Amino acid sequence: MKIVMAIIKPFKLDEVREALTAIGIQGLTVTEVKGYGRQKGHTEIYRGAEYAVSFLPKLKIEIAVGADLVEKTVEAITAAAKTGQIGDGKIFVYSIDQAVRIRTGETDTDAL
Amino acid sequence: MKIVMAIIKPFKLDEVREALTAIGIQGLTVTEVKGYGRQKGHTEIYRGAEYAVSFLPKLKIEIAVGADLVEKTVEAITAAAKTGQIGDGKIFVYSIDQAVRIRTGETDTDAL
Amino acid sequence: MKIVMAIIKPFKLDEVREALTAIGIQGLTVTEVKGYGRQKGHTEIYRGAEYAVSFLPKLKIEIAVGADLVEKTVEAITAAAKTGQIGDGKIFVYSIDQAVRIRTGETDTDAL
Amino acid sequence: MFTLNRHMRAAVGSLSLLGAFAGAAIAQDAAPAAPAFDTGDTAWMLTSSALVLMMTIPGLALFYGGMVRKKNVLSTVMQSFAICCLMSILWMVAGYSLAFTDGGSLNAYLGGMSKAFLSGVDMNSATATIPEYLFIMFQMTFAIITPALIAGAFAERMKFSAMLLFMAIWLIVVYVPVAHWVWGGGFLGSDGVLDFAGGTVVHINAGVAGLVAALIIGKREGYGQVNMAPHNLVLSVIGASLLWVGWFGFNAGSAVASNALASVAMLNTQVAAAAAALAWMFAEWIVAKKPSILGIISGAVAGLVAVTPAAGFVNPTGALIIGIISGVICYIAAVKIKHALGYDDSLDAFGVHGVGGIVGAILTGVFADPAINEASAGASVGTQIYGVIFTIIYAAIATAIILYIVKALVGLRPTKQEEIEGLDINLHGETVQ
Amino acid sequence: MFTLNRHMRAAVGSLSLLGAFAGAAIAQDAAPAAPAFDTGDTAWMLTSSALVLMMTIPGLALFYGGMVRKKNVLSTVMQSFAICCLMSILWMVAGYSLAFTDGGSLNAYLGGMSKAFLSGVDMNSATATIPEYLFIMFQMTFAIITPALIAGAFAERMKFSAMLLFMAIWLIVVYVPVAHWVWGGGFLGSDGVLDFAGGTVVHINAGVAGLVAALIIGKREGYGQVNMAPHNLVLSVIGASLLWVGWFGFNAGSAVASNALASVAMLNTQVAAAAAALAWMFAEWIVAKKPSILGIISGAVAGLVAVTPAAGFVNPTGALIIGIISGVICYIAAVKIKHALGYDDSLDAFGVHGVGGIVGAILTGVFADPAINEASAGASVGTQIYGVIFTIIYAAIATAIILYIVKALVGLRPTKQEEIEGLDINLHGETVQ
Amino acid sequence: MFTLNRHMRAAVGSLSLLGAFAGAAIAQDAAPAAPAFDTGDTAWMLTSSALVLMMTIPGLALFYGGMVRKKNVLSTVMQSFAICCLMSILWMVAGYSLAFTDGGSLNAYLGGMSKAFLSGVDMNSATATIPEYLFIMFQMTFAIITPALIAGAFAERMKFSAMLLFMAIWLIVVYVPVAHWVWGGGFLGSDGVLDFAGGTVVHINAGVAGLVAALIIGKREGYGQVNMAPHNLVLSVIGASLLWVGWFGFNAGSAVASNALASVAMLNTQVAAAAAALAWMFAEWIVAKKPSILGIISGAVAGLVAVTPAAGFVNPTGALIIGIISGVICYIAAVKIKHALGYDDSLDAFGVHGVGGIVGAILTGVFADPAINEASAGASVGTQIYGVIFTIIYAAIATAIILYIVKALVGLRPTKQEEIEGLDINLHGETVQ
Ligand SMILES: Nc1ncnc2c1ncn2[C@@H]1O[C@H](COP(=O)(O)OP(=O)(O)O)[C@@H](O)[C@H]1O
Ligand SMILES: Nc1ncnc2c1ncn2[C@@H]1O[C@H](COP(=O)(O)OP(=O)(O)O)[C@@H](O)[C@H]1O
Ligand SMILES: Nc1ncnc2c1ncn2[C@@H]1O[C@H](COP(=O)(O)OP(=O)(O)O)[C@@H](O)[C@H]1O
């Protein structure tokens with residue numbers, strides 16, 4: 001089993017979620033985060049005080065999936081979250097040893 | 001070493017923390033998240049505007065533990081976080097290569 | 001590739017970010033979290049109601065880096081985030097299978 | 001003196017003209033003979049003006065701001081604030097004159113431009129027992145809140161530029177004539193329509209405009225799928241509370257004097273608001289199993305709206321009944337009927353202000369009590385309905401035309417992406433953290 | 001005229017009766033001869049009524065709402081709002097009559113029902129120099145805030161339905177009689193107890209009821225273990241500020257006139273609030289090493305409470321001393337004594353309102369100055385203490401009985417899980433995001 | 001009576017002295033012959049006092065609190081609240097006496113101590129037609145807001161203890177003398193400087209003190225690198241709105257009567273605020289491509305500041321032009337000039353209050369209209385500039401000296417780590433969740 005973790009632009013959440021449910025994913029967890037990356041350097045002025053906005057609001061999505069679904073999941077996210085403009089975000093994939101559904105005690109892919 | 005990551009219902013936090021300290025766990029990190037899962041489909045109406053509430057507030061708990069403690073940790077969380085109703089959450093376990101305590105530079109299980 | 005995940009004191013963010021950019025890191029993601037650890041036991045009184053503050057505000061930083069950069073990254077964070085006082089936080093490192101830049105579809109270290 | 005009322009505001013229009021002339025004459029003849037302003041009446045009207053301004057900023061701004069999603073809260077409060085500024089200037093430049101001066105041969109329909117830029121008003125000009133400058137100020141606060149109310153109907157989805165342009169035209173083309181018809185010497189007042197503090201002029205007018213705007217502008221992106229629950233009802237509670245407190249200036253201030261009529265109008269306002277709030281709350285408690293804070297504050301506003309035309313014509317028992325009826329009917333309108341018909345009046349400008357205004361206008365005809373106000377003797381449900389229908393038709397048609405013009409000129413909505421990302425960051429470059 | 005004061009409110013009760021009769025008589029004889037209401041006095045009392053309403057909504061709602069945990073903020077502000085609505089109706093239906101009319105043979109203890117539903121009050125009815133409708137309105141705002149204060153004691157843990165039921169019974173069984181005893185012609189007023197604006201009737205009454213409620217309802221889940229720090233003191237600062245501003249209506253409005261007595265009452269209110277805020281702040285700074293915002297605003301409210309019975313009887317130097325003493329004593333009561341005794345009066349309804357009210361009532365006897373008010377000449381510390389003790393005993397016993405009845409009828413607390421998850425989502429189905 | 005104005009406040013100072021003596025005399029001769037206070041004037045001044053207090057708490061507290069970072073919001077609102085408390089006591093103890101009594105041979109520069117602790121003021125003391133107790137109260141609210149305004153300049157980086165000490169000294173050394181010069185019988189008033197409601201005394205004074213403080217205290221840690229965007233402009237909108245509403249008490253209350261002068265002052269206030277808000281908004285829209293909420297509310301405050309000295313001297317068209325000019329100039333000052341010069345006046349105490357006050361003081365000389373106020377006949381731009389320059393020089397030098405003394409005594413800034421972590425947790429032990 002794997003966890004696919006994606007950092008995306010906030011307003012893309014609904015499209016990403018729809019793309020994922022379309023490929024059969026039934027659960028995910030979302031966190032509000034701040035991202036620092038290439039999409040930086042933009043300066044703002046408030047009442048004459050200039051500063052560089054370096055942290056931008058992003059959403060982190062975590063999806064536990066069976067290893068077989070990883071590729072489709074990554075593709076679905078890439079397609080749905082892409083605007084083509086800088087700051088679209090990243091996807092990282094890593095392995096998990098175990099998954100448990102608290103309610104039932106089910107494990108592994110049954111738990112997802 | 002492993003990280004045990006659990007998604008739980010928010011009001012279960014104190015019980016889970018107590019269960020974990022009872023088995024000797026001394027640290028953990030909590031994040032407010034929104035969960036999408038089977039516990040969905042419930043619709044609300046505000047002033048006549050109906051919509052499906054798909055994201056529900058959850059807490060993510062991350063606990064770094066030595067490999068030997070993983071099983072007990074998972075059991076403790078499962079027991080404390082369970083209500084038996086849909087949406088109780090998940091536990092995921094994955095391996096970490098390294099752990100460092102910033103204050104002292106200690107590493108591995110000494111760092112926890 | 002690895003993800004370096006650090007829990008630090010909030011006011012250290014700017015110093016850590018500067019230390020990381022100094023060693024060539026170009027992106028990272030920050031989450032507001034609450035930490036429970038040894039830095040606990042401190043009690044507060046509001047209007048006569050005493051209670052133990054067990055969760056303290058912390059920041060979680062996640063940085064995806066090539067395996068070669070891990071050591072320098074951990075050192076940079078340790079140096080910048082350290083105050084020497086209890087509660088400075090932890091660093092955890094784990095492996096990722098894959099990284100994708102959503103905008104371009106680039107993968108692996110090209111994606112970072 | 002305490003029989004002075006809005007029904008006789010037609011007279012007040014002329015009165016103020018007369019006052020100005022008289023004042024000028026006195027000033028020429030014997031400068032020191034200032035007009036006999038009543039300091040107590042003046043004190044209450046100064047206070048009332050402050051109270052009614054407070055209804056819009058921060059009252060309505062917060063009431064609406066708390067009900068939208070967090071990404072749109074600043075753009076929502078900005079609407080109320082900007083409308084407050086723009087309407088103030090327009091009222092001074094032309095609005096007051098067109099509403100409250102004699103329009104000559106067209107007087108049944110519109111006033112004239114003799115007091116544009118307040119020319120001809122001076123320190124001796126009087127309206128009833130107060131300085132005309134103060135009456136202008138008081139009426140200005142009504143001209144501010146009425147357009148601001150409309151904005152609730154299209155919250156979260158209109159371009160700021162289009163909103164400003166729409167509101168400017170709407171004030172002159174809709175608000176000003178209707179105010180003239182009822183209070184400024186126009187035909188509705190002469191025909192005996194009773195509207196103590198603005199049920200027709202303010203609430204039906206704004207509510208209908210809101211409904212038309214909601215229909216023409218269309219639904220919010222994601223309506224029915226995305227969670228659009230109020231992001232912070234604490235703000236809305238502050239807003240509703242300040243609306244309630246400010247409404248004392250609105251209703252009791254409409255006596256244009258500090259007397260028993262103002263007193264009973266204040267008490268009626270309190271009783272109707274409280275009764276409607278409880279009525280909505282219990283109705284929701286029964287139907288939806290939980291009494292919501294959004295419900296109770298919406299009910300309070302519904303009661304305040306409904307008692308507005310009636311405040312100086314009915315007794316407290318009448319106000320109690322008006323409150324209960326309006327609370328239940330507005331609950332049904334805002335929650336059930338809107339849902340059934342499927343239009344997206346985001347914050348229920350129509351469901352609360354339109355429906356509440358109609359209920360109140362009609363019930364004013366039912367409960368008007370001559371022991372409270374001599375003018376109540378002439379009350380007639382038929383006349384009230386006639387006033388309501390006329391206003392609905394005019395407001396609906398004129399609003400639609402204005403919106404299509406604005407759409408042609410600058411477009412009504414931001415892009416879909418801007419709307420989904422939020423109006424705060426896209427239209428104003430700011431967010432709430 | 002400026003010697004009119006609360007001490008003579010007993011007289012006012014009869015006065016208003018007389019006024020009504022007289023008015024009726026005049027009306028019969030010669031309809032146009034309206035009573036000689038003073039427009040200035042009326043203007044100030046209209047304003048005062050608005051100010052006192054603002055104390056409860058949004059003032060107290062925010063003061064309390066900011067101090068609870070985020071999961072309970074909506075349920076907390078909802079309590080103030082719903083109490084405001086329910087008490088308004090009850091006051092109109094029966095409360096005013098029972099408090100301020102003649103109770104016949106029982107008059108020492110309770111008024112009668114002759115003005116139930118405000119029957120018999122008309123446009124000519126006068127209380128002193130203002131319309132009786134206005135006096136009813138002004139007193140209504142007092143009947144609103146008193147129960148609302150109690151809710152601070154059991155914040156975060158009472159069922160909404162039980163709260164409503166308790167408050168309705170409490171108004172009629174506790175507030176109304178005590179108001180009658182002091183202001184409505186009852187025995188405490190006749191015995192010479194001085195209470196300018198409600199130290200006894202409002203604050204001791206509510207504070208003691210709060211303490212009893214905190215004890216009977218029990219501690220919050222997790223009290224002493226879980227972090228219960230105020231979630232957003234900005235809200236509490238807004239609340240405390242609006243309480244302060246609104247208190248001018250409460251205290252200066254209790255002159256029931258626009259005169260020197262109202263003026264000195266306002267100044268005394270300001271001085272005492274400021275002095276108590278600083279006293280609490282410095283006491284805390286010394287003891288706990290940091291001056292907290294919760295401390296300074298609590299101190300301000302303590303000073304406002306303590307000066308309430310005194311505002312129209314003492315001079316500004318007296319107010320200064322009352323402020324300093326009450327700030328220090330309430331700090332000790334709310335922070336040290338409560339902690340030592342271990343009861344959970346969540347937001348210190350007793351520690352601030354109860355204790356502050358007692359301190360103020362007694363010090364009124366000490367600092368009353370006949371140069372400010374002739375009635376001060378009769379001041380006696382003994383009489384003040386007698387009034388305090390009597391009110392404490394009655395409020396405590398009656399509140400306990402009512403709570404046990406409500407408990408038997410509907411139960412007092414939500415389930416443990418509901419309480420831990422938060423009252424907002426469980427009782428009202430809403431949350432702040 | 002409606003020609004009474006601030007220009008003649010010199011006279012009012014003496015008047016109040018006279019009133020006191022006269023009152024005393026009357027009281028001796030025939031106790032019941034109370035002075036002829038006007039109940040309407042008194043009602044409006046009671047209301048005005050409440051309104052001006054509301055400007056500082058919660059108005060200014062929120063206006064400022066919303067503009068800082070979240071970690072400093074409580075410390076920011078705490079400043080306004082604590083200043084309110086401390087200045088109230090200082091005003092009663094010595095400030096009022098030093099500002100508004102006769103200073104004997106030094107009277108051109110400072111009043112005397114004859115009314116320290118308000119000794120000699122009694123229930124018969126009058127200022128114009130109102131009780132002197134009320135005039136003391138009204139003026140107290142001005143002595144509260146002026147220091148509170150300064151705090152915006154050094155927001156997010158001053159020690160609370162240092163701030164309190166600085167403000168206490170500043171009130172006595174700067175505010176009190178300048179108030180005496182203009183309104184209390186001092187030389188600026190005698191020289192013909194027109195300042196209706198405090199453009200010079202309040203706004204230039206506070207703005208210049210703020211600039212000097214910003215320079216001496218230095219920039220915030222991370223200025224220019226770290227995001228210092230306002231954390232919650234909803235709070236600032238509430239604040240700006242309550243400032244606006246409260247400003248009616250400030251400006252219309254400065255007529256010290258309920259008359260046509262108060263009425264036109266209120267209308268002028270409204271028109272100037274609205275015009276300046278739109279002017280700033282459109283200027284920013286053109287230059288920075290987006291109309292911001294921070295911009296429109298800053299513009300409104302700029303207009304309110306600029307019309308303050310003019311409110312009772314100009315006609316509404318004059319107010320309109322003053323509004324437009326001040327909105328554009330303050331936009332340039334706060335956004336462009338500050339940026340060019342690089343000082344860190346965090347919340348633009350100087351850019352808005354200082355610059356707005358200067359613009360307003362000078363334009364008062366340009367637009368003063370004798371048809372509004374006879375005193376306008378003596379208006380002179382030269383005299384206005386003379387008053388402005390004198391105030392700037394005095395405020396700048398005195399403020400600098402006070403700050404260096406406070407620095408030597410307790411230090412001005414918290415540690416760097418405390419500042420970066422936030423003042424809320426470090427100075428007050430509290431945070432907003
Ligand atoms: N090395 C990294 N580790 C973790 N998160 C990263 C990393 N690089 C970028 N991110 C996240 O991805 C977001 C987008 O990255 P950015 O470089 O701005 O643009 P792009 O994704 O188009 O390359 C960042 O805001 C940050 O949240
Ligand atoms: N595949 C998944 N990956 C990540 N998080 C998940 C996944 N499935 C569920 N979750 C998280 O677990 C929570 C509970 O899941 P849900 O399906 O609603 O109920 P249950 O845990 O009882 O099966 C979700 O709200 C979500 O936060
Ligand atoms: N076992 C753990 N797993 C995950 N996070 C931990 C763990 N132990 C500590 N932490 C995080 O690190 C923070 C600091 O830990 P703490 O024990 O207080 O001090 P120190 O880092 O100095 O040992 C905690 O607040 C928590 O967020």
Side-chain angles (χ1 to χ4, degrees), chain A residues 1-10 12 15-16 19 29-41 51-62 65 67 69-97, chain C residues 1-8 10-34 57-67 70 73 76-77 80 92-112:
Chain A
M1 279 169 308
K2 305 277 178 184
I3 284 190
V4 178
M5 164 173 137
I7 318 285
I8 62 165
K9 290 187 169 165
K12 282 293 193 181
E15 283 175 61
V16 169
T29 300
V30 179
T31 315
E32 290 183 9
V33 297
K34 300 251 174 229
Y36 176 80
R38 282 178 178 73
Q39 183 195 3
K40 73 182 166 213
Y51 66 88
V53 174
S54 34
F55 288 99
L56 297 167
K58 302 280 174 192
L59 290 183
K60 177 164 84 176
I61 303 182
E62 289 165 298
V65 287
L69 258 172
V70 168
E71 207 171 324
K72 273 172 80 178
T73 304
V74 170
E75 275 163 22
I77 297 175
T78 315
K82 185 167 176 171
T83 68
Q85 283 164 321
I86 199 158
D88 276 352
K90 316 281 178 195
I91 304 174
F92 305 120
V93 180
Y94 59 92
S95 305
I96 53 175
D97 310 346
Chain C
M1 278 168 312
K2 305 279 179 181
I3 283 190
V4 178
M5 164 172 137
I7 316 286
I8 63 165
F11 74 96
K12 283 293 192 180
L13 177 63
D14 282 312
E15 283 174 61
V16 169
R17 195 201 59 193
E18 277 160 32
L20 289 171
T21 46
I23 61 165
I25 298 217
Q26 294 189 321
L28 51 86
T29 299
V30 179
T31 314
E32 289 182 11
V33 298
K34 301 251 174 230
K58 303 280 172 190
L59 290 182
K60 176 165 85 174
I61 304 182
E62 288 165 299
I63 314 133
V65 285
V70 168
T73 304
I77 297 174
F92 305 120
V93 181
Y94 59 92
S95 304
I96 52 176
D97 309 344
Q98 201 184 334
V100 181
R101 186 194 306 279
I102 293 171
R103 169 166 49 97
T104 57
E106 285 163 289
T107 53
D108 296 323
T109 46
D110 291 343
L112 304 181

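The structure displayed is predicted, hence computed values, not measured ones. Residue numbers begin at 1 in each chain, while the letters A, B, ... track the order of the sequences.
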Under 4.5 Å heavy-atom distance to chain C, tell me which part of V4(A) shows up: side chain, backbone, both or neither. neither
Could you grab the distance from atom CD of E106(C) to atom NZ of K90(A), nearest 0.5 Å is fine? 8.0 Å
Can you tell me which portion of E62(C) sits under 4.5 Å from chain A's heavy atoms? Options are side chain, backbone, both or neither. side chain
Considering residues, nucleotides and ligands other than Q98(C), do more than 12 of their heavy atoms fall under 6.0 Å from its CD? yes
Let me know if S95(C) has heavy atoms under 4.5 Å from chain A in its side chain, its backbone, both or neither. backbone
Rounded to the nearest 0.5 Å, how far apart are OH of Y36(A) and CD1 of I63(C)? 11.5 Å
Point-to-point distance, once rounded to the nearest 0.5 Å, from CD1 of I86(A) to OG1 of T104(C): 10.0 Å
Which region of A99(C), side chain (C-beta onward) or backbone (N, CA, C, O), has a non-hydrogen atom less than 4.5 Å from a non-hydrogen atom of chain A, or is it both or neither? both
What residue, out of G89(A), A6(A), A79(A), G87(A), has the most heavy-atom pairs lying under 4.5 Å from chain C? G89(A)
Measuring from E32(A):CD to E32(C):CD, what's the distance to the nearest 0.5 Å? 9.0 Å
In terms of heavy-atom contacts, I102(C) and I7(A) come closest through CD1-O, 3.7 Å
Exactly one of I96(C), V100(C), T107(C) clears side-chain contact (heavy atoms from CB on, under 4.5 Å) with I91(A), and that residue is V100(C)
Note: R103(C) and R38(A) closest approach over all heavy atoms is NH2-CD, 4.4 Å
Out of curiosity, S54(A) OG to L13(C) CG, how far, rounded to the nearest 0.5 Å? 8.0 Å
Taking every non-hydrogen pair under 4.5 Å, which of T31(A), I3(A), T83(A), V33(A) racks up the most with chain C? V33(A)
Answer with side chain, backbone, both or neither: which region of K58(A) has an atom nearer than 4.5 Å to a non-hydrogen atom of chain C? neither
